[in-house]
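To start, the structure under review is shown below, and the notes come after it.
Please read these numbers as outputs of a predicted model, since none were measured by experiment. We count residues from 1, following the sequence as given.
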Amino acid sequence: MASGASTPENERWMRAALQEAEQAAEEGEIPVGCVIVMEDRIIGRGHNRVEALQDPTAHAEILALTAASSTMASWRLPGARAYVTLEPCLMCTGAFLLARVESIWFGSPEPKFGACGSILHAPSLRGLNHRLEVAGGILGEEAADLMRSFFRRKREAGS
């Protein structure tokens, strides 16, 4: 996993993902946001909707991939870059691999479920027919602060 990829361009797209995460928090969802970018434009965006939809697959990444596939009229997204506020889980990393996404850029690591370096590095598993670049730490402190404040409010509310 690469780090130190905080370029102005990557920060620009991560800020859009952070806006999605903030919307998730406002809706009472775990604040994770994702945007899919291709050719200098957002082709898909999403934020967690697990509680609202009562669907364990309604992660920000999956919803953003669905939107991007719809925009491009194809489930294959070569050349697309995913910007996610939190390190993707195994399900979401697998979906990025299946969609042939070029790279995943994430903010904060996820020590319990992260599949891009924390508990495993799924993109480097042997036998896969697609490789993608992964880099973490882009506006990572902002993403972590959003997560911490969300859970602090939940604890204070007793939920």
Candidate list E102, E9, E39, test salt bridge (charged side-chain N to carboxylate O under 4.0 Å, His left out), partner R81, passing option |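 Only one option passes, and that is E9.
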
Hydrophobic clusters here meaning ILVMFWY residues chained together by side-chain heavy-atom distances under 4.5 Å, can you tell me if [X] and [Y] are in one?
{"X": "W13", "Y": "L86", "answer": "no"}
{"X": "M38", "Y": "V134", "answer": "yes"}
{"X": "V32", "Y": "V35", "answer": "no"}
{"X": "I138", "Y": "I104", "answer": "no"}
{"X": "I62", "Y": "I42", "answer": "no"}

Below 4.5 Å, heavy atoms only, C-beta onward: do [X] and [Y] meet side chain to side chain?
{"X": "L77", "Y": "R100", "value": "no"}
{"X": "L139", "Y": "R15", "value": "yes"}
{"X": "Y83", "Y": "V37", "value": "yes"}
{"X": "L146", "Y": "T85", "value": "no"}
{"X": "F113", "Y": "C92", "value": "no"}
{"X": "C89", "Y": "E110", "value": "no"}
{"X": "M91", "Y": "T57", "value": "yes"}
{"X": "V50", "Y": "I30", "value": "no"}

What distance separates [X] [atom1] from [Y] [atom2], expressed to the nearest 0.5 Å?
{"X": "H59", "Y": "H47", "atom1": "NE2", "atom2": "NE2", "result": "13.5 Å"}
{"X": "N129", "Y": "L97", "atom1": "CG", "atom2": "CG", "result": "9.0 Å"}
{"X": "S149", "Y": "E156", "atom1": "OG", "atom2": "CD", "result": "10.0 Å"}
{"X": "S108", "Y": "E142", "atom1": "OG", "atom2": "CD", "result": "11.5 Å"}

Closest heavy-atom pair and its distance - [X], [Y]:
{"X": "A143", "Y": "L18", "answer": "CA-CD2, 3.9 Å"}
{"X": "T93", "Y": "C116", "answer": "OG1-SG, 3.4 Å"}
{"X": "E29", "Y": "N48", "answer": "CG-O, 3.2 Å"}
{"X": "A115", "Y": "P123", "answer": "O-CD, 3.6 Å"}
{"X": "M72", "Y": "I43", "answer": "CG-CD1, 3.7 Å"}
{"X": "V101", "Y": "A82", "answer": "CG1-N, 4.1 Å"}

Who passes salt bridge (charged side-chain N to carboxylate O under 4.0 Å, His left out) against R12, sequence neighbours left out?
->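 Residues passing salt bridge (charged side-chain N to carboxylate O under 4.0 Å, His left out) with R12: D40.
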
Please walk me through it: do C34 and V84 pass side-chain contact (heavy atoms from CB on, under 4.5 Å)?
-> CA-CA 4 Å; C34 177; V84 189; 3.7 Å; yes

Go through the side-chain N and O atoms of S118 and E87 and say whether any donor and acceptor fall under 3.5 Å apart.
->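 E87 and S118 do have a side-chain donor-acceptor pair below 3.5 Å.
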
With a 3.5 Å cut-off and no angle check, do the side chains of Q19 and Q23 form a donor-acceptor pair?
->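 No - no donor-acceptor pair under 3.5 Å links their side chains.
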
Do E20 and R45 meet the salt-bridge criterion of a basic N to acidic O distance under 4.0 Å?
->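 E20 and R45: salt-bridged.
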
CA sep, side-chain torsions, deciding dist, call: R49, E27, side-chain contact (heavy atoms from CB on, under 4.5 Å) = CA-CA 8 Å; R49 307 261 348 265; E27 295 172 8; 3.7 Å; yes

